[in-house]
Structures are given as structure tokens and as C-alpha cells.
Number of protein chains: 2
Amino acid sequence: MMQQKSEPASSEDDDPLFIQSLARGMTVLEAFRQAEGPLSLAQIAARTGLTRSAAQRLVHTFRKLGYLTLSEDGRGFRLDLPILDLTHDYLRLNPLVRRASPVLLELRRNVRERVDLSLFDGRRMVYAARMQSKRETFFATLVGNSVPTACTSGGWAVLAMLPEAEVDAILDDHPIPQITPRTLTDPAAIRGQIALTRENGHALAIEQILMGEVALGVAIPDADGRPIAAIHIAASLSEWAPEDFRRRVAPLAAEAVRSILPG
Amino acid sequence: MMQQKSEPASSEDDDPLFIQSLARGMTVLEAFRQAEGPLSLAQIAARTGLTRSAAQRLVHTFRKLGYLTLSEDGRGFRLDLPILDLTHDYLRLNPLVRRASPVLLELRRNVRERVDLSLFDGRRMVYAARMQSKRETFFATLVGNSVPTACTSGGWAVLAMLPEAEVDAILDDHPIPQITPRTLTDPAAIRGQIALTRENGHALAIEQILMGEVALGVAIPDADGRPIAAIHIAASLSEWAPEDFRRRVAPLAAEAVRSILPG
DNA sequence: GCACTTGTATCGGACAGCAATACAGCATGT
DNA sequence: ACATGCTGTATTGCTGTCCGATACAAGTGC
């Protein structure tokens with residue numbers, strides 16, 4: 001094997017404050033990201049690059065702490081409930097989520113369509129909160145679900161507030177996945193949408209993530225003007241013509257963002 | 001102070017598979033449970049019983065991994081976005097949540113009121129999913145939020161399926177908090193509700209968590225017949241007389257649970 | 001300007017955690 | 001029925017990771 005021990009260049013090495021065991025432990029939890037079901041020790045070891053022994057010890061520890069559990073068939077492990085406690089603490093203590101929640105609720109009352117809050121992590125848009133409407137599409141979009149920034153109305157809105165260089169970095173990062181037949185995957189086309197968004201102050205995405213759905217997104221900047229999140233409002237194309245939807249919803253969404261802002 | 005180092009009796013000691021650093025790390029994340037805002041190193045150290053040095057190293061590591069971040073004023077730390085990735089993986093991979101989601105959606109379409117799924121962890125009911133209705137009460141109930149088992153309709157339904165001894169353990173554990181003026185805090189009164197629930201197959205809770213709200217809960221057992229979760233349906237007392245609500249909703253909820261069950 | 005925060009950095013010794021290895025139980029396929 | 005792969009579990013002696021006291025720079029509020 002003989003991996004060169006000398007090239008990390010980044011950080012993990014020779015950082016006297018860095019606790020290896022903890023980092024290894026977190027990679028175990030992260031291993032479930034690409035999983036489709038329970039993971040065995042061997043699978044965890046493979047995904048994390050750890051020894052089976054290491055995986056065993058880490059998993060053992062997580063089990064004692066409650067974060068992992070032996071799956072019902074005894075042939076693997078799954079994340080367990082205490083994870084949700086962390087979720088709750090994160091959402092509860094996040095200042096943006098705190099400020100946005102009542103506003104989103106009010107917004108949903110007015111537009112009577114689904115309202116989402118997603119957070120920008122520099123790469124993806126991660127759903128943090130959802131206010132549903134009556135007719136519902138998919139449950140699939142759970143808290144913590146994430147989609148590429150380039151594929152959602154909120155992502156476009158965020159991109160429109162970023163300097164060109166960062167937009168390039170994100171668009172050129174990975175190829176953009178084709179989620180629906182109408183998802184724009186050509187960076188140039190997306191740049192076009194971004195330009196439109198800059199003019200309008202909001203983005204309108206038609207069937208980018210789900211066929212039959214139109215979504216309007218507005219970015220939320222932090223105190224320094226950097227976009228850190230977005231509001232989405234989503235509705236059905238069977239009930240709205242896109243332009244009508246935009247005219248009706250855009251002012252409300254903009255107003256909502258305004259009242260979320262620090263000032 | 002002088003805590004005796006020799007009595008643990010439980011396990012943490014002399015367990016050769018137990019990774020101390022990892023456990024310590026997790027206590028750092030858990031320290032935010034009782035927090036009202038960012039925590040400083042000293043606060044973390046105090047809450048976890050760690051040295052300030054240990055807290056520093058742990059926090060440093062979590063920061064490099066992204067799970068913690070320096071709060072905007074630079075005077076403390078907060079949980080950060082990657083937490084939500086874990087959330088998503090947990091929900092996505094949880095077999096019960098998977099099976100229940102489409103059923104809950106269907107249920108909400110029928111009753112047109114708020115539908116929740118909460119998971120029983122042996123002590124509390126932890127909210128895992130929520131399908132909202134139009135008129136909304138509080139946003140407060142986020143994913144991961146938990147309430148004492150003794151205080152919700154779903155909790156009563158769960159208790160009704162547990163052996164007496166375990167019910168006693170839960171009811172006598174801590175004193176039951178008075179959440180609303182009408183919250184039942186007397187264990188005897190709650191035992192009465194549990195008995196009722198056994199007869200009916202569902203629990204009906206009136207203003208136990210929120211004034212003006214009535215909720216009906218049905219427990220979900222696992223393959224061995226142990227209750228592991230509950231469905232709640234919540235509505236406003238301004239629109240429903242409790243008995244009407246029960247008659248209308250109970251059969252639908254029971255049917256929903258039936259179609260979630262493994263069989 | 002002092003006293004008290006905050007986060008950050010350093011360092012030698014000790015013990016926590018390392019990986020290899022062995023084991024029991026259960027499938028699957030031969 | 002036996003063998004071979006997989007599960008999760010348990011033990012052990014060596015080593016290098018992590019420990020925590022201590023010192024530091026910066027900021028806040030008296």
C-alpha cells in the first residue's frame with residue numbers, strides 16, 4: 001500500500017490540536033451518506049478507509065452512546081435517534097432559521113403554496129425547513145436533503161449574488177446532474193438564468209427538480225451581503241402559468257426576505 | 001468536588017473497545033442541548049466536565065470537520081450545517097420513516113389536518129416528520145423536537161402498549177412538566193388516560209401541549225409488538241368538538257397504522 | 001489600566017487507542 | 001453434510017496520539 005505520508009499539505013497532519021479518533025468517528029457517521037441501507041463493519045471500513053478494527057471500535061463506541069444501532073437483522077448498523085437531537089439543536093440555535101421561521105409561516109399563509117428554506121453551504125442548497133401546502137408532491141424532500149446549487153430556483157438566486165469567480169467554481173465543479181428531462185445542465189444556460197435573476201431579484205425555475213412544478217427563489221444575504229440561504233415557493237403548473245405565478249408571488253417573497261434581514 | 005473515579009459500575013471504564021476521545025467529542029455536541037445560544041470553550045468545558053484544553057481540541061477538530069463554527073461575534077461556537085446531512089441520512093435510512101411517509105401523506109390528504117410522526121426512544125417522543133395543515137400554530141415543533149412521553153396523545157398510545165413495569169418507570173422517572181394549564185401531571189390521571197387508550201386503541205389529548213389543540217394518537221408497534229413510534233393528528237378546538245374529532249379521525253389513523261405495519 | 005473574559009498556541013510524559021489476530025454464529029453453495 | 005464466505009465480538013502488547021497545565025494575544029467592561 002504505502003500511501004505517502006508526506007503530501008497532505010492541507011492540515012490533518014502535524015496539527016497538534018487535531019483529534020484523530022474524533023475525526024475518524026465522524027467519517028463513520030458520514031459513511032452513511034452514500035448508503036442505501038445498513039452498513040456492515042467491513043463496508044464502513046471500506047468507505048472510510050479505516051481498518052476493520054478501527055471501524056469496530058468506533059461503531060462500538062457510537063452504539064454505547066446511542067448514535068448507532070445494530071440493524072434488526074443483526075447484519076449491519078444504522079444511524080439512530082439521538083441524531084435528531086442534534087438536528088433540533090442546530091435548527092433551534094441557528095439565528096437565520098430562528099428569524100426566518102415566523103416569516104415563512106406568514107408567507108405560507110399568504111401564498112397558500114409550499115414554502116421552503118434552504119441553506120447554502122458553498123456548494124449545495126440544504127433544506128432546513130418546509131411549510132407544506134395542501135396538495136403535496138413528494139415527501140422525498142426531507143430535512144437535510146440537499147440538491148446542487150445549480151438546479152434550484154433558490155440556488156440560482158444565491159449564485160446571482162456571488163462574484164463571478166465563485167459562480168465559475170461551483171458550475172465547473174461537477175457536471176450538473178439531469179434530475180428531470182427539463183433540468184438545465186449546460187453551464188451557459190444556467191448563467192443565463194443567473195443573469196435574469198440579477199435583473200429580477202428572484203429566480204424562476206420550471207420543472208428543474210420535479211416535473212409539473214414551478215418554483216420561485218429569493219436569496220438571503222448575511223450582514224456582509226454574501227448569500228447564505230434562500231426562500232423557495234413552489235407550486236403546481238397545473239394551477240399556475242409561470243408568469244402569473246411570478247407576478248403574484250415575487251413581491252411577497254421579496255418582502256419576506258426583507259423582513260428576515262438583520263437590519 | 002472529588003468525584004470518585006472508582007464507581008462507574010456501568011461500562012465506560014475498562015472497556016477496551018470504547019474510544020474515549022470520540023465519546024468526549026459527542027458530549028461536546030450534546031452540550032448544545034441545554035444551550036440558548038453560542039457556547040464558549042469555558043461553557044462547553046463546564047457542561048461536559050472536560051478540561052478547557054480538551055474542549056479546545058475537540059472543538060478545533062469539529063471545526064475542521066465543519067460540524068462546529070465560530071459564531072459571528074467570535075465569542076463562542078455553534079453547531080453547523082453538516083449536522084443536517086446526518087439528519088437526512090438518518091431519516092432516509094430509517095425503515096419506519098420510509099414506510100410511514102407515503103401513508104402519512106395520504107392520511108393528511110384525507111383528514112386535512114396536521115399529521116406528525118414521532119419516534120419513541122424509551123423515554124421521550126421525538127418528532128421525525130410533520131405534514132402541516134393550512135392554519136398553523138407554532139413553528140416551534142421542529143424536526144428532532146421532543147416532548148415527554150406522558151404529555152402527548154402519541155405518548156399515551158405508546159404507554160398503553162407497554163408492560164406495567166415500564167410504564168411505571170417512565171411515569172415515575174421525572175416529575176411531569178406542566179406545559180399548558182391543562183397538562184395532566186398526576187401519574188394517576190395519566191394512568192387513567194392510558195387505560196382509556198387501551199380500550200379505544202387510540203389516545204385523545206386535549207390541550208396537553210398547546211392550548212386550543214386536540215390531538216389523536218395511535219401507536220406503531222414493531223414486529224415484536226413493542227411500540228416504537230406514534231402517529232398524531234392535531235386540530236383546532238375552535239373547529240372540532242373532541243368527540244366529533246375522535247369519531248372522524250380515529251378510523252383513518254388506525255387504518256394508516258395498519259398499512260404501515262410490516263405485515 | 002486592571003481584571004476578566006474570549007480564542008489560540010506549545011510541550012513532554014503517560015496511557016488511550018492502535019491493528020493484528022482469533023473466535024462464534026449464521027448463510028450460501030457445493 | 002461440509003466448507004467457505006460472511007456477519008459481529010473479543011483479546012493483547014506495543015506505540016504514538018492525545019492529555020492537560022500553562023502561557024499568550026485580543027477584546028470587553030469596570
On the nucleotide D:dC18, are OP1 or OP2 found under 4.0 Å from the side-chain N or O atoms that A:S21 carries? yes
Any donor-acceptor pair under 3.5 Å joining the side chain of A:R57 to the base of C:dA19? yes
Nearest-Å distance for atom pair CG/C1', residues B:L58 and D:dC18: 11 Å
Tell me whether the side-chain N/O atoms of A:Q43 come closer than 4.0 Å to OP1 or OP2 in D:dT7. no
Which atom of A:A35 lies closest to which atom of B:R92, heavy atoms considered: O-NH1, 2.9 Å
Counting only side-chain N and O atoms of A:S71, is one of them less than 4.0 Å from OP1 or OP2 of D:dT7? no
Considering heavy-atom distances to DNA chain D, does A:L22 or A:S40 have its closest nucleotide positioned more toward the 5' end? A:S40
Is the closest side-chain donor-acceptor distance between B:S118 and B:H232 under 3.5 Å? yes
Under 4.0 Å, counting only non-hydrogen atoms across every strand here, what does B:I19 touch: a base, just sugar-phosphate, or nothing? sugar-phosphate
Would you indicate which nucleotide in D:dA21, D:dT9, C:dG17 comes nearest to any side-chain atom of B:T51? D:dA21
Beyond-backbone contact of A:D80 with A:Y67, side-chain heavy atoms, under 4.5 angstrom: no
For the pair made of CZ in A:F18 and P in D:dT17, what is the distance, rounded to whole Å? 12 Å
Between protein and nucleic acid, restricted to nucleotides 25-30 of chain D and to nitrogen or oxygen atoms under 3.5 Å apart, what atom pairs and distances do you find?
none

Side chain of A:A42 only, please: which of D:dG20, C:dG7, D:dT7 is the nearest? D:dT7
What nitrogen or oxygen pairs link the protein and nucleotides 9-12 of chain C at under 3.5 Å?
from	atom 1	to	atom 2	distance (Å)
C:dA9	N7	B:Q56	NE2	2.9
C:dA9	N6	B:Q56	OE1	3.1

For the backbone of B:P163 and the side chain of B:E166, can you confirm whether one donor and one acceptor N or O come within less than 3.5 Å of each other? no
Please name the residue in the list A:I83, A:N94, A:L86, A:L91 that meets the side-chain contact (heavy atoms from CB on, under 4.5 Å) test with B:I83. A:L86
Salt-bridge test for A:D85 and B:R124: reply yes if a basic N is under 4.0 Å from a carboxylate O, no otherwise. yes
Starting from C1' on D:dG8, measure out to CD1 on A:I44 and report it in whole angstrom. 11 Å
Do side-chain atoms of A:T61 reach the backbone of B:I19 as a donor and acceptor pair under 3.5 angstrom? yes
Counting side-chain heavy atoms from CB outward, which of D:dG8, C:dG17, D:dG20 is closest to B:R24? D:dG20
Go through the steps to decide whether B:S71 and B:D73 satisfy the test side-chain hydrogen bond (donor to acceptor under 3.5 Å, both in side chains), and finish with yes or no. CA-CA 6 Å; B:S71 88; B:D73 59 359; 2.4 Å; yes
So for A:R52 and D:dT9, does any side-chain atom that can act as donor or acceptor lie under 3.5 Å from a complementary atom in the base? yes
I'd like to know if the side chain of B:T48 pairs up with that of B:T27 as donor and acceptor (distance under 3.5 Å, no hydrogens or angles considered). no
From CG of B:L41 over to P of C:dG7, roughly how many Å is that when rounded to an integer? 4 Å
For the pair made of CD in A:Q20 and C1' in D:dT15, what is the distance, rounded to whole Å? 12 Å
Expressed in angstrom and rounded to an integer, what is the separation of B:L39 atom CG from C:dT6 atom C1'? 14 Å
Drop me the distance from B:E164's CD to B:L159's CG, to the nearest 0.5 angstrom. 10.0 Å
Tell me: CZ of A:F77 to C1' of D:dT7, nearest whole Å? 9 Å
Value in whole Å for how far the C1' atom of D:dT9 lies from CG of A:L68: 16 Å
